Amino acid sequence: LIRLEAVRVLTNAYADDVNLIKSGLLEQLPYMYQEMQRAITICEQWALDLGLKLSHSKTECIIIRKSTKKINISPLRLNNQPITYVNTCKYLGLIFTTNLSWSKHIQEKIKKVRKIIHATRSSLSRSWGPSPSLIRWSYTQCIRPILTYGCFIWGKALTGTLRAKMASLQRQALMQCGNFRATTPTEALNVIFGVPPIQIYVRELITRANLRFKQSYQCTLRIPAERGHWQFSETLFNRVEINLENSDVHNNKYPPPSYRTEIDLHQSFLNRDPGEEIHIFTDGSKSDNNVGCSAVLYDYKVTNYPIIQTGERLSNNTTVYQSEIFGILKACQVIRHYTDNYSRNLSNIKIFTDSQAVIKSLNNRHIHSLSTARARNALDHLGRKCNLTISWVKGHSGCEGNEAADNTARHYSYSDYEILQTPVAKTIVYNDITEYFQRTWNQYWSNINLSQSKIWFPEVKQDFYKQL
């Protein structure tokens, strides 16, 4: 990859697959040909330097263009052999064509999944076989992912006949879940088993993928937002009306922390290290949409009782993980308050939390949560001034400090204190996407003329199949 920086060719590498891309106008084709040949020669020389040889039979070249006009161009060469120009090629499970029409890919997926569904019929009978819930699970968790793989790229092409064929496949799979009449409507089967119509499900996957891409700066910089599949996903995402300005979505890489983390599964607080001065216990609490966090400070050179016992009431959409993180942030505020008002020069501090997930995320250099990033920055600032350790304590194990933090967090969650607004967690955003497409499905169902089915199922209920 470093050697290929010498040529103006976009390079994508995944395991043992390498993809070389050169784009430009039709008039620039001779120049593009030269640059691509240089890149192939560099790859070939790199392999020879390592005692390897690139496979000519597994190497293909495809020219993607809007025009159907035939292009006369000499073949590229690898190992002194011409590389064949093809009309379709497969890369990372996606089938590309010269005009980027995804019908070929979708048809191949339909053909593959149809064989799988037909093969499962041999394990079924009217009187024996897997339970309906297991058959549903096999379709939604094993078969459908094969069908929808890469739909962020090709989802825009799922219209007309291709959509009808996919819907027919889903019908075949759901018909195996019970003894249904052949005339049972496809949409009614979807409602009975809580499986969204395939076109709605694909659009939900595309919207979720758009959110994941927004967490990566590289993707938002490299993908043009004004055309193609990215524009289609942006349109779907904007329909959900999600405001990411106040979301917890974040992506950044940090240097090694200035504090230590430890998860000792066999620790005991009966024998405290005499060199430790400060213990701060933190906790988060969420019950019935009442959320709070706390921090309880012990200074063992002064007294064995809590010196500071405080917390915050958090907004109702705060997750349990966020409440634990805000407990860490509150601990940093308590330490600053204690040092400023009591003139204490601190050297050894331990912050305890009963959440291993929080400790592992704070020790990770790649941070994907804005709340975690704020806690990381506060801890780094504190860790440069003293010997700081973030340690795990087993919850509800009789540790006095942990019990005090737990009671304080629960007290603040039900209190009338001013609510501290927290960023909207990524899980909440995903739930909003799911609820939007659930409403879309309900509206789609209400517009279908199936009077008999609607007597039993007037509206879509996602978990109704569990009662059946």
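Hydrogens, waters and symmetry mates play no part in the numbers below; they use all other heavy atoms, side chains included. The shown structure was predicted, so the numbers you read here are calculated from the model rather than taken from an experiment.
Without hydrogens or angle criteria, N79 side chain to L54 main chain gives a donor-acceptor distance under 3.5 Å. Here the side chain of T97 pairs a donor or acceptor atom with the backbone of S101 at under 3.5 angstrom. At distances below 3.5 Å, at least one donor-acceptor pair connects side-chain atoms of N442 with backbone N or O atoms of V460. R136 places a side-chain N or O within 3.5 Å of a backbone atom of G194 that can act as its donor or acceptor partner.
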Side-chain atoms of residues 185-193: list all donor-acceptor pairs with protein atoms under 3.5 Å, sequence neighbours left out, distances to 0.1 Å.
from: T186; atom 1: OG1; to: R171; atom 2: NH1; distance (Å): 3.2
from: E187; atom 1: OE1; to: N190; atom 2: ND2; distance (Å): 3.3
from: E187; atom 1: OE2; to: Y444; atom 2: OH; distance (Å): 3.2
from: N190; atom 1: OD1; to: Q170; atom 2: NE2; distance (Å): 3.0

Which donor-acceptor pairs under 3.5 Å do the side chains of residues 81-90 make with protein atoms, sequence neighbours left out?
from: Y85; atom 1: OH; to: S74; atom 2: O; distance (Å): 2.8

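Under the rule for a ring pair (Phe, Tyr, Trp, His ring centres under 6.0 Å), W445 has no partner lying at least two apart in sequence or in another chain. In this view, Q172 and H118 satisfy the side chain to side chain donor-acceptor pair (under 3.5 Å) rule, not counting sequence neighbours. By the side chain to side chain donor-acceptor pair (under 3.5 Å) test, E35 pairs with R38, sequence neighbours left out. Every residue two or more places apart in sequence or in another chain was checked for a ring pair (Phe, Tyr, Trp, His ring centres under 6.0 Å) with Y33, and none qualifies. Partners of Y321 by ring pair (Phe, Tyr, Trp, His ring centres under 6.0 Å), not counting sequence neighbours: none found. Under the side chain to side chain donor-acceptor pair (under 3.5 Å) criterion, H56 pairs with no residue at all, not counting sequence neighbours. Every residue was checked against the side chain to side chain donor-acceptor pair (under 3.5 Å) condition with K111, not counting sequence neighbours, and none meets it. With sequence neighbours excluded, the residues forming a ring pair (Phe, Tyr, Trp, His ring centres under 6.0 Å) with Y412 are Y417, listed by chain and number.
Applying the salt bridge (Lys or Arg N to Asp or Glu O under 4.0 Å) definition to pairs two or more places apart or across chains, those involving residues 357-381 are R376-D380. Here salt bridge (Lys or Arg N to Asp or Glu O under 4.0 Å) pairs that include residues 54-68, with residues two or more places apart or in two chains, number zero.
A pairwise comparison of heavy atoms in R8 and Y31 identifies CD-OH, 3.7 Å as the closest pair. Here the shortest heavy-atom pairing between I110 and L162 reads CD1-O, 4.1 Å. The shortest heavy-atom contact between T148 and V202 is CG2-CG2, 4.1 Å. The two residues A173 and I135 make their nearest non-hydrogen contact at O-CG2, 4.2 Å.
Note that CG of L379 is 10.5 Å distant from OG1 of T261, once rounded to the nearest 0.5 Å. Atoms CD1 and CD1, on I263 and I390 in that order, are 11.5 Å from each other to the nearest 0.5 Å. Note: L314 CG to T319 OG1 = 10.0 Å, rounded to the nearest 0.5 Å. Taken from CD in E44 to CD in Q37, the straight-line distance is 8.5 Å, to the nearest 0.5 Å. Atoms CG and CG, from L205 and N210 in turn, are 12.5 Å apart once rounded to the nearest 0.5 Å. To the nearest 0.5 Å, atoms NZ (K426) and CG (N431) are separated by 12.5 Å.
Aromatic ring orientation, H105 versus W154: tilted (interplanar angle from 30° to 60°). The aromatic rings of F352 and F281 lie parallel to each other, with less than 30° between the two planes, well short of the 60° mark.
Under the side chain to side chain contact (heavy atoms under 4.5 Å, CB included) rule, T422 has a single partner from C293, S315, S371, S323, which is S315. Each of N387, L382, L362, T389 was checked for a side chain to side chain contact (heavy atoms under 4.5 Å, CB included) with Y259, and the lone residue meeting it is L362.
Within the 4.5 Å cutoff, the side chain of I206 has heavy atoms near those of the C151 side chain. By the 4.5 Å heavy-atom criterion applied to side chains, S413 and S285 are counted as neighbours. Using a 4.5 Å heavy-atom threshold, the side chains of N290 and K286 count as separate.
A salt bridge does not link E108 with K112: none of the charged nitrogens is closer than 4.0 Å to a carboxylate oxygen. Salt bridge annotation for E312-K330: present, with a cationic side-chain nitrogen under 4.0 angstrom from a carboxylate oxygen.
Geometrically, R144 engages Y201 in a cation-pi contact defined by less than 6.0 Å to the ring centre and at most 45° from the axis.
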